[in-house]
Amino acid sequence: MKKQILLTQLIFALLLSLSCARSRSVQTSGELSATFDKSLVYINASIDQYDGFQPWKRSPSADSVCYGTAVGPCQILTIAEPLANASLVQIKIHSSGQFIPAAIKVIDYDLNLCLLEISADSISTPLQTVIFTEEFKKGTELQGRWLSSDAAVKTSRGFLDRAMVLPSPTSYQRTLSFVVSNVSRQTSRGELYTSDGQAIGIAYSSSEQDVFLIPGEKILQFLKQANHKEYIGYGTTGFNYFEFLDPTVRKYLKMPEDMKDGCLVSSVYSKGTGSESLKFNDVLLEIDGYPINAFGRYQHPLYGEISFEHLLQRHVVGEPINFVVWRDGKRLELSAKSQRFESSEMLVPYQQYDKQPEYMVLGGYVFQKLTRNYLRLWGDNWSGKVPPHLLHYYRDLSLKSDEKRKDIVILSFVLPSEINLGYQNLGRIVVKTFNGMETNKISDLIKAQNLFPDSPFHVIEFEQEYPTLVIPKEKLSQTNQAIAELYGIQKTENIY
Amino acid sequence: MRKSDGGLIPSIVHCTAVPLWIFFLSLFFFFQMLSAQTEPSAFAQEATFEKSVVQLSIVQQEYDYTTPWKKSAMSRGIGSGFIIEGNRILTNAHNVSNARYLEVKKQNLAKRYPAGVQFVGHDCDLAIVTVFDLDFYKDMVPLEFGPLPQVNSKVQTCGFPLGGRTVSVTEGVVSRIEVGIYSHTQADSHLLVQTDAAINPGNSGGPVLQNGKVVGVAFQGLQSADNIGYMIPTPVIDHFLEDIKDGRYDGFGSLGVFTFEGLHNPAYAQYLNLQEGTEGVVVMGTILNSSVESILSRNDVLTKIGDFDIDNDGMIRIYGLVLDMSEAVEQKQIGQMIDLVFYRDGQKHTASVKVDYNEPVLTFRKEFDLPPRYRCFAGLTFVTVNRNYLETWGRNSISDIPFYLRYIFYDVQSLNTDPQRKEYVVLSEILSDTLTTYATGFIQQAVENVNGLPIMNLEDLDEAFGKDVDGFWIIKFLGNDTPMILDAQQARLRHPEILKTHEVPFTPLPEHKL
């Protein structure tokens, strides 16, 4: 009987000690997460963007809030999207409720990352630096942490589910993301996600169940470049592709029956990695020695199967990159260099942040450069609402512009005045020529005004069936001034 | 900018983009019976109504424009009509469009008379119906036609709102006379008369009378406003009745020219070397293959059409009113000539132009009565791009349809520069089969060429699918670099089985030509 009691006591003691050990383990994890708290930063920005339709004036200011993580004694990392068009950025750190001014050191909209800097004098002690890890442990529980405006640390939880290449909210590119599933809160403003004392990534988007992170790998890439004298940036994909499952098309391209891998190049852009070496209908078989499957994915040692775009985006601009393709019935090895396709180089720029749109007002006619920002002014489902001819330039030609044509210049609308009587309902149409000169750049509007100095008119032709626009030169400068005063236009042109 | 001779293109585009406020609902005018204290002539008219106005019961059934060998669900409708000379019943085209069965009934009589459609003018929303049993006409009195009514004059509208056994008569005033859209095809514009008559669901095709004579046919109302109803006036009715005298309905024509009211701007007028005070409209362009294509050029200034001077708004004085210059063309039948005066580089020119259909390759009007043309080769179903097909996307079709179809719909005039093109063809459906397992991404795209042959109309597919390219069918679509590629031999083998599985009426594949 005694032996039985002793055995029971022994088992109970063992269970108790196991329970305590587990309790200590949980506490340790919490403590580890709490060590990040002194690195968390609250960010408030004043957003001042220009009015898309009346680009000479700014829209009303708006506040934008996001969250940062210290990555240096005076440097804070956050996502780029909330700071687009920011005119003033201020932060709060964990120990103080005071706002501290911050400056944008580097902002990369392709990576959706931003590095802020504060003056060393503005803080009493340096910020506690966080170092991100490239590790990826599927199924790990993650903690989200951020500093709220009232200096409290807020948290959320979720599980690291998968790595994917997903569309970026600030770029035409698709980039590497971690998907955190079963999250307790939706977070998408730069909140830090950690696990077992390691910084995994920062949140940039969320859905009902998931939070999407910019992973440590991309953050480390960005920070490595951001502290160089000049930020060069990383390559962007210079072509589009389709998954390639159709055996009939493989047969048409004279591929051996046992060759089941490789995705199909469906279009090649005017710039970006691969744009100079790949061709339409190439079958992309390998990149840097990694085989590419029919879905366009390769086997990553940590992430598993992931889109080949991730391989291209690892390279700093100018670094060599190797492709193997199937072309004209043969396997072909190609060497290329990593390239970056800047938004500003596109025929219709994908995004245009931190800049005043380019425009010119002449005789009450408002000419603008066509951008995606302009098209988005049509609101929800904008692509179904904008004039199709404008959408055609964005959809079909934006990434495939030719050497000659750099901008699409449009007559956006007309500010009614006596000089433009009869033309006042024109708008949203593409300028073809100005005084007989092809309008290939918005700056051509300035050059063309000097042509035919003896003519009493400026003559503008548009694409499609629209009337010839005739602007009398007589007293045009006075008229411009009068229209500017009437409609409150401080500057009648902004062309870079 | 405007299309001077019908205004089809800009109007329908805007109509579709903002459907709620300009969506015309075809309804019946409904008035209280005039009392015995009203004007003495009302007694005579009441007697005429009884012996002139009839009720039409119709069973209608549309086609399915995606899988065109099928028909949509049936629907039943009731409309009005009235007897005119020659034992004929005049009514609205929309009452009898896609009719599978039609019968006519007199006021307060139980007997139904099966009837048929003799002529239908969908563009002017008028139709002639005849009753097979000639006894029907024995006690009926045909109505006569009067002139275009004056604005602010009284009119009486007769019909069968919500069915009923007796003719309903209501009184209203002519509020406005103008050129406007006829909602039946959603594309055609003609003269119409607006009245302040109350509008109720149920009756179109009834006569609108003044002094006992027909001055219009009630046909549509404005859903978004109170007391706005429309009738088809006698100039349009006269055109229709004149047209069918040769036993065939040809329809209304146009010139095929796009114009702009640019002469409001003195600098533009000066640039065009016009004498001060010259009024007219500026030519922007002409429709490919139209009557005026070889006559008018961009920046010509049209100053006169027929006997009518054109003002800077593109209006003419006609019927004592100021109306769109298209009204001058409306007076002509297809094939008749009309004179134009225009200025080019300041020089006056004259020309006589044939009035013809002059339509772009993508017509914007809805089609009726004719089964859609199609081809189904190995499950690839091709139809022509038209309004009926685009409306299969539903009420928001214009923003929901695939981009390139929308582009064609809006901008066909500038997109198509090939005079050989008769229409656009779209791959509307791919019937499921192992042959096309990986090809479904190409559905709802407009065809550019097949096996290297450009597809300018549906019939071009017959020749194109008789060929192959090294054993493959290669189908290229507009706005898409990537073609659809199918194994031609497999497609030929699978063709009968696919048609059988999906119950498509069998048609053989085009004969294979090397």
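Computation of the quantities below employed the complete heavy-atom set of this structure, encompassing side-chain atoms and omitting hydrogens, waters and symmetry-equivalent molecules. Here is the naming used below: chain letters follow the sequence lines, and residue numbers restart at 1 for every chain. Given the structure is predicted, the values throughout are model-derived calculations rather than measurements.
Aromatic ring pairs are classed by plane angle as parallel below 30°, tilted from 30° to 60° and perpendicular above 60°; the pair A:Tyr365 and A:Phe367 is tilted.
Enclosure of atom CD in A:Gln481 is not indicated, since only 12 or fewer non-hydrogen atoms of other residues, nucleotides or ligands lie within 6.0 angstrom. Enclosure of atom OH in A:Tyr252 is not indicated, since only 12 or fewer non-hydrogen atoms of other residues, nucleotides or ligands lie within 6.0 angstrom. The 12-atom threshold is not exceeded at CZ of A:Phe452, counting heavy atoms of other residues, nucleotides or ligands nearer than 6.0 Å.
Both the backbone and the side chain of B:Ser399 come within less than 4.5 Å of a heavy atom in chain A. The contact between B:Tyr407 and chain A is made by backbone and side chain atoms together, counting heavy-atom distances below 4.5 Å. Looking at A:Lys400, only its side chain comes within 4.5 Å of chain B, counting heavy atoms on both sides. Contact annotation for B:Gln270: both backbone and side-chain heavy atoms come within less than 4.5 Å of a heavy atom of chain A. Interface remark: B:Leu272 contributes no atoms to any contact with chain A (heavy atom separation under 4.5 Å). Only the side chain of B:Phe472 comes within contact range of chain A, with at least one heavy atom under 4.5 Å from a heavy atom of that chain. For B:Asn312, no part sits under 4.5 Å from any heavy atom of chain A, backbone or side chain. Contact of A:Asp246 with chain B is made through backbone and side chain together, with heavy-atom distances under 4.5 Å.
Each of A:Ile292, A:Val325, A:Leu253 was compared with A:Val283 under the side-chain contact (heavy atoms from CB on, under 4.5 Å) criterion, and only A:Leu253 meets it.
Looking only at atom types and distance, the side chain of A:Thr236 has a donor-acceptor partner in the side chain of A:Tyr172 under 3.5 Å away. Side-chain contact of A:Asn435 with A:His458: a donor-acceptor pair under 3.5 Å is present, judged by distance alone.
Of all the listed residues (A:Pro387, A:Pro247, A:Pro388), the one sharing the greatest number of non-hydrogen pairs under 4.5 Å with chain B is A:Pro388. When each of B:Thr437, B:Asp487, B:Asp481 is scored by its heavy-atom pairs under 4.5 Å with chain A, the top score falls to B:Asp481. Among A:Glu243, A:His392, A:Glu463, A:Lys385, the residue with the largest count of heavy-atom pairs under 4.5 Å with chain B is A:His392. Counting heavy-atom pairs closer than 4.5 Å to chain B, the top residue among A:Thr468, A:Ile471, A:Thr248 is A:Thr468.
Ion pairing between a basic and an acidic side chain is recognised when a charged N comes within 4.0 Å of a carboxylate O; B:Arg298 and B:Glu293 show no such pairing. The existence of a salt bridge linking A:Arg174 and A:Glu309 is confirmed by a sub-4.0 Å separation between a basic side-chain nitrogen and an acidic carboxylate oxygen.
Within residues 409-425 of chain A, the residues having any heavy atom under 4.5 Å from a heavy atom of chain B are, by residue number, A:Ile419, A:Asn420, A:Leu421, A:Gly422, A:Tyr423. Inspection of non-hydrogen atoms places A:Asn381, A:Ser383 of residues 372-383 of chain A under 4.5 Å from chain B.
For the pair A:Arg297 and A:Phe295, the cation-pi criterion (under 6.0 Å, within 45° of the ring axis) is fulfilled.
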Using atom types as modelled, flag every donor-acceptor pair under 3.5 Å from a side chain in residues 258-270 of chain A to any protein atom, sequence neighbours excluded.
| from | atom 1 | to | atom 2 | distance (Å) |
| --- | --- | --- | --- | --- |
| A:Lys260 | NZ | A:Glu257 | O | 3.2 |
| A:Ser266 | OG | A:Asn240 | O | 3.4 |
| A:Ser270 | OG | A:Leu399 | O | 3.3 |

For residues 440-449 of chain B, please give each side-chain donor-acceptor pair under 3.5 Å, one per line with the distance, not counting sequence neighbours.
| from | atom 1 | to | atom 2 | distance (Å) |
| --- | --- | --- | --- | --- |
| B:Gln445 | OE1 | B:Asn480 | ND2 | 3.1 |
| B:Gln445 | NE2 | B:Gly441 | O | 3.2 |

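Judged purely by atom type and a 3.5 angstrom limit, B:Asn265 uses its side chain to pair as donor or acceptor with the backbone of B:Tyr268. With hydrogens and angles disregarded, a donor-acceptor distance shorter than 3.5 Å links the side chain of A:Arg250 to the backbone of A:Phe244.
The minimum heavy-atom distance linking B:Thr286 with B:Gln413 is given by the pair O-NE2, 2.9 Å.
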